[in-house]
There are 4 protein chains.
Amino acid sequence: MVAAARAPRQNSRRAVLDAAARLFAERGYHGTSIRDIAAAAGITPAAIYSHFASKAGLLVAVYEEGVGRIAAALDAALEKAPGPARLQAACAAHLETLLEGGDYAQVVLRVWPRDVPEATAQLRRLRDGYEARFRRLVPDKHLRLLLLGAMNAAPGWYRPGGESPREIARLFLDRVGVHD
Amino acid sequence: MVAAARAPRQNSRRAVLDAAARLFAERGYHGTSIRDIAAAAGITPAAIYSHFASKAGLLVAVYEEGVGRIAAALDAALEKAPGPARLQAACAAHLETLLEGGDYAQVVLRVWPRDVPEATAQLRRLRDGYEARFRRLVPDKHLRLLLLGAMNAAPGWYRPGGESPREIARLFLDRVGVHD
Amino acid sequence: MVAAARAPRQNSRRAVLDAAARLFAERGYHGTSIRDIAAAAGITPAAIYSHFASKAGLLVAVYEEGVGRIAAALDAALEKAPGPARLQAACAAHLETLLEGGDYAQVVLRVWPRDVPEATAQLRRLRDGYEARFRRLVPDKHLRLLLLGAMNAAPGWYRPGGESPREIARLFLDRVGVHD
Amino acid sequence: MVAAARAPRQNSRRAVLDAAARLFAERGYHGTSIRDIAAAAGITPAAIYSHFASKAGLLVAVYEEGVGRIAAALDAALEKAPGPARLQAACAAHLETLLEGGDYAQVVLRVWPRDVPEATAQLRRLRDGYEARFRRLVPDKHLRLLLLGAMNAAPGWYRPGGESPREIARLFLDRVGVHD
DNA sequence: AATGAATGAGCCTTCATTCAT
DNA sequence: GATGAATGAAGGCTCATTCAT
């Protein structure tokens, strides 16, 4: 019962993933080294390769989870909100995930598929998957591009303490003529 | 008049700037090496340092020119357009510069100030300079963020042959209740 | 009779040896990794260490079997061939083993003892063991070096479909004045 | 006249080449690291890449010089020796280059083209070039293979102090019925 | 203004091997 | 016997930058 000696050597895959998500979000893909990630996860650089085939593969895994989280937040929001408030709920959920939902989601925005040639195709597919959800929600192409573009730029100017993600969603939708 | 003979390789500074703009726009700052730029400009890596103090300094120079071009396009457009069509003209000019105006402008969008810590302050100042113009043009903060965010995301989905930059501007403004 | 059910993956030691022999023959010792061998044998890298103490130890085992096979082929040939045809039979057997006898024999030629410092002594001893047989067969030192050197270089130029190993042996011996 | 301060930083390309030849001959290609070569040449690993594009490219350069030296020795010998003694002179020259002529020649024998997949074609072409000389000298294919195979195996058993290369050549040729 | 060579730090990745389970 | 995860060392190579010429 006392043991546990050698520390929680367990689930270091999760530790790696978390560290990678945080650092990729903070410094970008090329600004983050495998050594950085290993140090942040408390393991050896070589150990990362027990879990992921390459740095690009690690990015794909982070991306997958990021897209999954955004999609899940969106789905959960839509389930709760009835007809007319749907868009409002969706945008609020999207912005909340982006701005407060942690590193995974931000990596999806910060790292462009074309930044990592050897993974471009996979990353693009993952991104498309989450944009497809919005396509069903906002069939008007240019309204959709307007909203998505503006929301995805938010991490660039958002400051905690000002308007909340939910308020920003409302303010944006207000400008495009959608009121609650 | 006799001279000029040996095609004096003049203005290699310009060649470096152009090459850097193109590559930074294509592959990002960290995805582009000094060697890449030198090769594209037809000179030696070391020669770049005759013109620029560092890679970050080279980026700042590209940024400066990029911001300058966007601002010039904007100013030219505003000069021609009278009162009510002002915003329309400004957005069209902005999108035209971004989507068809070449690499310098795109670098300003693709490379984030925080990507290059040692130049963050300067890059931020340059960006702000061009955003300030918009601030005067669109005093409503969230309308401005909506438009700027959406326009700056356009290089990600724009395909030549579809709607022209000018049309996109009109479609966007239409959605936010500004009609010609 | 009921047992044996799950295709017991028996003799994975043999699978490892075979894989190692094939890969060492193909790519050399340093060109082959423990991972390569494990993958080719259908087991885990770690499992190799259940059977062999180290990569060098595995090489020694392959070498042992390689030398054993060459020696066995030689002995069998000598047993059948009476006096004057002895040398002919021996060289034919040697070349047959080298060129068609599989990977084990080729490893003995391809991997030099000095390639693997920590096993040099053992490998040298094993090689000497099979060269000693030839020493008794061809007491003339330089004739022996001539024949052995030439035969052992054969894998470098031999192409199946041309002269057979047996014919090559005859052609070589013909050149040194030994005729049937 | 006193200066020279920072040491002979000159012709470090030659130093790299010499170091590589020595180490490749001693330990083989895969047994030698770029760091080893750099240390032996008295420079930084990175500096090697000012002169050679890759480790394989460095090997090709060594090979080229090795083949060149063997060929030169052969040509020089043939020029001096009249008709009947031609073969004798050629073999003596070949063995002298191999056994005493230094590292470059030995690399050609020690490192097999197929050891380095990314350079196999080039290495093969270089080898062929020097074997072609012998083909003209000894048109009988199997006699040629006998002699070349035996001579090229000599570095494996040669010990300075015993028979000289020239004597070995005579002893070999004696066995194949060529006497002076 | 430009060069070729060099540097030192750092890159991603693979190596043979170990060990608790 | 076998595994998955981990290690520490080492692998080849690229980086931005400097400097004598």
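Per chain, numbering begins at 1; letters A, B, ... match sequence-line order. Since this is a predicted model, take the numbers as computed values, not measurements.
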- prompt: Residues in salt bridge (Lys or Arg N to Asp or Glu O under 4.0 Å) with B/D115, at least two apart?
  reply: A/R110
message: One character per nucleotide, please: for nucleotides 10-17 of chain E, 5' to 3', B when the base has a protein heavy atom closer than 4.0 Å, S when only the sugar-phosphate does, - otherwise.
response: BBBBBBBB
field: Pairing residues for D/E65 by the salt bridge (Lys or Arg N to Asp or Glu O under 4.0 Å) criterion, not counting sequence neighbours
entry: D/R14, D/R69
message: Distance check needed: E/dT7 P versus D/I48 CD1, whole Å only.
response: 10 Å
task: Under 3.5 Å for both distances, Watson-Crick or G-U wobble, that's the pair rule; now give the dot-bracket for DNA chain E, with | marking pairs to another strand and [ ] for crossing ones.
output: .||||||||||||||||||||
task: Check ring-ring contact (aromatic ring centres under 6.0 Å, His included) between D/F52 and all other residues, then give those that pass, not counting sequence neighbours.
output: none
- prompt: So, is A/S50 near the phosphate of F/dA5, with a side-chain N or O under 4.0 Å from OP1 or OP2?
  reply: no
query: Below 4.0 angstrom from OP1 or OP2 of E/dA5, is there any side-chain N or O of D/S12?
result: no
For residues 18-27 of chain C, run the donor-acceptor check on the side chains, cut-off 3.5 Å, and write out each pair with its distance to 0.1 Å, sequence neighbours left out.
from, atom 1, to, atom 2, distance (Å)
C/D18, OD1, C/Y104, OH, 2.5
C/R27, NH1, C/D36, OD2, 3.3

- request: Using whole Å, report how far CD1 of B/I37 lies from P of E/dA2.
  value: 16 Å
field: Test salt bridge (Lys or Arg N to Asp or Glu O under 4.0 Å) applied to A/D128 - qualifying residues, sequence neighbours left out
entry: none
field: D/F52 CZ to F/dC13 P, straight-line distance once rounded to whole Å
entry: 13 Å
- line: Applying salt bridge (Lys or Arg N to Asp or Glu O under 4.0 Å) to C/R127 and not counting sequence neighbours gives none
field: Under-4.0 Å side-chain N/O to phosphate OP1/OP2 contact, B/H51 with E/dA2
entry: yes
Heavy-atom donor-acceptor pair, D/Y63 side chain to D/V108 backbone, under 3.5 Å: yes
query: Under 4.5 Å between any side-chain heavy atoms of D/Y130 and D/L126, yes or no?
result: no
For residues 39-51 of chain B, run the donor-acceptor check on the side chains, cut-off 3.5 Å, and write out each pair with its distance to 0.1 Å, sequence neighbours left out.
from, atom 1, to, atom 2, distance (Å)
B/S50, OG, B/A47, O, 3.3
B/H51, NE2, B/S12, OG, 3.0

field: Pairs satisfying salt bridge (charged side-chain N to carboxylate O under 4.0 Å, His left out), at least one member in residues 43-61 of chain B, at least two apart
entry: none
Donor-acceptor contacts under 3.5 Å from residues 117-124 of chain C side chains, at least two apart:
from, atom 1, to, atom 2, distance (Å)
C/T120, OG1, C/P113, O, 3.0
C/T120, OG1, C/V116, O, 3.2
C/T120, OG1, C/P117, O, 3.3

- prompt: Of all of residues 15-22 of chain A, which get a heavy atom below 4.0 angstrom from DNA chain E, listed by number?
  reply: none
